[in-house]
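Okay, structure first, notes after.
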Amino acid sequence: MDAARPIVPSGFESAPSGEGAPRATPVMEQYIEIKAANPDCLLFYRMGDFYELFFDDAEIAARALGIVLTKRGKHLGRDIPMCGVPVHRADEYLNRLIALGHRVAVCEQVEDPAEARKRGGKSVVRRDVIRVVTPGTLTEDTLLDAKRNNYLLAIARARVSVGEESRFALSWIDISTGEFRIAECDRAGLAAEIARLEPGEIIVSDALYGDAALAPYLRSLPAVMPLARDVFDGATAERRLAAYFGLATTESFGALSRLELTAAAACISYIERTQLGSRPPLAPPVREAQGTTLAIDQATRSNLELVRTLAGERRGSLLAAVDRTVTAGGSRLLAQRLAAPLTDPDAVGMRHDAVEFFVADATARAEVRERLEAAPDLARALARLVVARGGPRDLAAIRDGITAAAALAAELEKRTNLAAELAQAARALRRLDPALARELDAALAEELPHLKRDGGFVRDGFNAGLDEARALRDESRRVIAALQARYADTTSVRALKIRHNNVLGYFVEVTAQHGERLMAPPLNATFIHRQTLAGQVRFTTTELGALEARIASAADRALGIELETFDKLAAAVTAAAAKIKEAAEALAVLDVAAALAQVAVERHYVRPQLDASLDFVIEGGRHPVVEQALTADGGPFVANDCDLSPPQSAAHGRIYLVTGPNMAGKSTYLRQNALIAILAQMGSFVPARRAKIGAVDRLFSRVGAADDIARGRSTFMVEMVETAAILNQAGERALVILDEIGRGTATFDGLSIAWATIEHLHETNRCRALFATHFHELTALAANLPRLFNATVRVKEWQGDVVFLHEVAPGAADRSYGIQVAKLAGLPPAVIERAKVVLAKLEAEDRASPRDFDELPLFAATPRAPSPHAAAGTLIAALAAIHPDEMSPREALEALYALKAKAAEDG
Ligand code: ADP
Ligand code: MG
């Protein structure tokens, strides 16, 4: 957003003033006045069938939309840049401007041009901004993604004294669904909340936007809008919030701090501002208590690919893998729940109960899903109708939604063993009044136009006046057909036609050769010449003129009655808004429960057991996304166990140190356990044979820089900053996933950092953790850290090649198999052979003069893991006899061959 854009369009502010300077035209004067009132928006200025943009706006829009920039006359001696978009395609262009973060003020003609003319020749048609379109306040389906919420987020900060931690209040609203929430957080939580909500637009006070500490972060976010202080005024906040809901106080919303009220009132004020007074139906604000949701920061979210992959696609994400919802509302709720898993085992248990019901009762699941498929997007249709942006199809959506709701409630009430969440949904569905659906159904035609101004949406027989007007209109059309036949007869021009266009209205048309005859007596007494074209001549007649007037007035009358009917129906819907909103939520709840049951049955997920312990037992766990990709290719996914529960006599959970060669499946194993925790706590069943999880309160996942190229900032610095965040924040309830940390720097640096990190996690954070590493030296740490366990992803060597088993087993990897993996990857054989020689030399040198790590417990305290081979003894003896420093490369190679032969004969 270009905050520095001048209020007065360029080309005007520096214009010469005083005597003799040319004056602005009246239209320009009106334009400039309206533009000055909306300085931070592009102004869509309605002129006939176009929205025109002028001055800087025109230049910005022309560039953004790739449309032609022209000039329109001169203003104060300068050319006025101009571009325009046709009204009937305005949505499409709006969409693109909004996606680019622009805001658009839509300025319409608010009176009939005929009215303006009555005021005198020079009068300008009255115009006014009827709506400000911003990224966070959209309601149109064409501008929204049906499967995602679109939030407007307000951030308010409390004033604190020096040295104190800042506190923030957040309030967010999706005006297309009416959801309204409030929460408080600290600075670290702020980024995590924004990452969770992914708001379409963020509003902050000017002061906060200018704050030195926060500015770089705020400016890195899309669509942040600084606003004048009054919007964030704490003193008037409660009053503004209460007024929106037509209440005297906000007490019924529960205890809200002044800071929370400020954020909530800012949201409300901004909505009133952009919707110009109309009030979308909002649910009363719900305060999200701190600690009720599993905290997941931005890096962890993107790293675990929760709602989209690192490449930015929905396909391949966890959400896509488990989404079996059949309604848009259900899809949005699922995404919301996935973004904010819960920490309270009882609350999660309620959701699991609902899923379990649908797992157990396949018939109920099928019935409910089938009925849901027929249910429209109630929430968004309702929001549009209430802000007077709805169309006939939105009315039909409400009707169909009410009908579907009644059918679903009946279906559910048949069962006696309904889970509490479902019973509650059924009650909300029952509260809808079927009479409203009947009223809508009686009025609406079968085929509905998109826009109400097109007419034709009220059923025949619904309104006597309308039927009469329509009959007259249709009758007149028949009369015109008869008239055409009669004129053809009297003129003896068989090809004579009566046609219609927008300029002339109805007219008689004959070919040029017959034109002369109609213009000569006696026919010219009837036919009045209007227009001569290349091949045709056009006429009108008094009779035709009278008929046309009758048709037009009948059509006008019909449309008037239809619009009146529309308004009445919309008012009836608005009156029932609160119940319809609750029913819409209930439909989403049903959809999510049935959909999670569907995926659980399809993919053999089990109900996880969630409690307040620090346990973490996964038996036969699978990666929900990789598993689906593999089974699609026909390959099996190898299930693995994980137990991070506190070992006997310990008060804190374990850390697994996972080793194994590249491609063995370390990263997959780490992520699958994190994803299982997320699925469990969002209320889903999980891909495992059994799962028992002590509720996790924070989840962290980091990948070493070398593995993290997709994020486009694969620097060691980022890796360290993120690791620091974990070590500073993770408590005993956290679950930490560290994948190859320390990879982005030199070996010894990296090893030391990884070393110290594990010690810190073990001694200070005391959290449950999974740490994958290629530093085998780290496995020695287990000897000194009682809650550190070594695990390895097994591979098998077969005829010099490595075979990946993807099996996680206790113990440490015996070696890296880097060269074997390189061979699999297709490195030229010469390079592979040479690498083997170098490796042998390096390893031999290492043995001849071991690195001196005496200071560290590592080599001092830990014996090397015993070799699995019986032949190891003889091989070690043979190795000890070799003195690499005294060998030529050739001799070394020969020695290596000899060793290998020995190994083969002994093994
Ligand atoms: P690492 O991190 O050890 O290099 P990855 O976790 O990236 O290995 O896994 C490499 C590939 O192995 C994955 O893309 C996947 O196709 C396959 N894989 C991993 N784990 C399993 C498993 N448990 N069962 C089957 N295939 C697996
Ligand atoms: Mg990996």
Side-chain angles (χ1 to χ4, degrees), residues 299-300 302-305 309-311 315-318 321 603-605 618-643 656-676 686-689 691 700-711 714 719 722-723 736-744 750 754 769-776 778-779 790-797 801-826:
T300 303
S302 53
N303 181 228
L304 290 177
E305 307 190 308
T309 60
L310 289 170
R315 229 186 114 206
S317 68
L318 176 63
R603 318 267 1 157
H604 309 289
Y605 289 7
I618 311 295
E619 285 175 17
R622 285 120 52 203
H623 190 298
V625 182
V626 176
E627 178 189 33
Q628 288 189 26
L630 279 185
T631 35
D633 294 345
F637 187 91
V638 181
N640 278 305
D641 300 346
C642 177
D643 187 355
Y656 263 29
L657 186 73
V658 185
T659 48
N662 252 323
M663 290 300 288
K666 299 182 297 298
S667 300
T668 307
Y669 177 68
L670 259 57
R671 284 183 175 77
Q672 87 187 25
N673 287 301
L675 296 180
I676 286 173
V686 298
R689 221 167 39 242
F700 294 97
S701 171
R702 293 296 184 278
V703 180
D707 255 15
D708 197 15
I709 303 151
R711 269 174 67 205
S714 54
E719 177 185 331
E722 294 182 344
T723 306
V736 173
I737 306 291
L738 289 173
D739 195 353
E740 312 257 12
I741 287 300
R743 214 174 160 160
L770 288 154
F771 195 112
T773 186
H774 59 289
F775 296 123
H776 294 173
L778 290 174
T779 55
N790 287 329
T792 179
V793 191
R794 291 184 49 213
V795 292
K796 197 164 68 181
E797 226 181 325
D801 284 340
V802 52
V803 179
F804 299 112
L805 302 177
H806 303 304
E807 253 175 55
V808 178
D814 47 353
R815 52 207 202 80
S816 308
Y817 298 94
I819 295 178
Q820 284 86 342
V821 174
K823 185 174 164 195
L824 279 185

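Counting starts at 1 for both ligands and their atoms, following the listed order. In this chain, residues are counted from 1 in sequence order.
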Worksheet item: Under 4.5 Å between any side-chain heavy atoms of Cys642 and Leu770, yes or no?
Response: yes

Practice prompt. Would you check if the side chain of Thr792 reaches a backbone N or O of Thr659 as a donor-acceptor pair within less than 3.5 Å?
Written response: yes

Discussion item. We want to know whether Thr779 and Asn790 form a side-chain donor-acceptor pair, criterion being a heavy-atom distance below 3.5 angstrom.
Written reply: no

Worksheet item: When only distance counts, is Phe637 in polar contact with ligand 1, meaning an N/O pair under 3.5 Å?
Response: no

Discussion item. Whether the side chain of Asn640 engages the backbone of His806 through a donor-acceptor N/O pair (distance < 3.5 Å, no angle test) should be reported.
Written reply: yes

Item to complete: Nearest 0.5 Å please: distance from the CG atom of Leu670 over to the CD1 atom of Ile737.
Response: 5.0 Å

Practice prompt. Could you tell me which atoms of ligand 1, counted from 1 in the order shown, lie closer than 4.0 angstrom to a heavy atom of Pro661?
Written response: 3 (O)

Worksheet item: Counting heavy atoms only, which part of Ala629 comes closer than 4.0 Å to ligand 1: side chain, backbone, both or neither?
Response: neither

Worksheet entry | Within reach of ligand 1, part of Val793 (heavy-atom separation under 4.0 Å) | neither

Worksheet item: Would one find an N or O of Leu630, backbone or side chain, under 3.5 Å from an N or O of ligand 1?
Response: no

Worksheet item: Any N/O/S of Met663 under 2.8 Å from the Mg ion (ligand 2)?
Response: no

Worksheet item: Non-hydrogen atoms of Ala772 versus ligand 1: any pair closer than 4.0 Å?
Response: no

Worksheet item: Which is it for Lys666 and Glu740 under the side-chain contact (heavy atoms from CB on, under 4.5 Å) test, yes or no, and what are the steps along the way?
Response: CA-CA 9 Å; Lys666 299 182 297 298; Glu740 312 257 12; 3.3 Å; yes

Worksheet entry | Aromatic plane relationship, His623 with Phe637 - under 30° parallel, 30 to 60° tilted, over 60° perpendicular | tilted

Worksheet item: Which ligand 1 atoms, with their elements, are less than 4.0 angstrom from a heavy-atom of Asn662?
Response: 4 (O)

Fill in: Contact check: Pro636 vs ligand 1, nitrogen or oxygen atoms, below 3.5 angstrom
no

Worksheet item: Can you tell which of Gly665, Gly660, Ser667 gets a heavy atom nearest to atom 8 (O) of ligand 1?
Response: Gly665

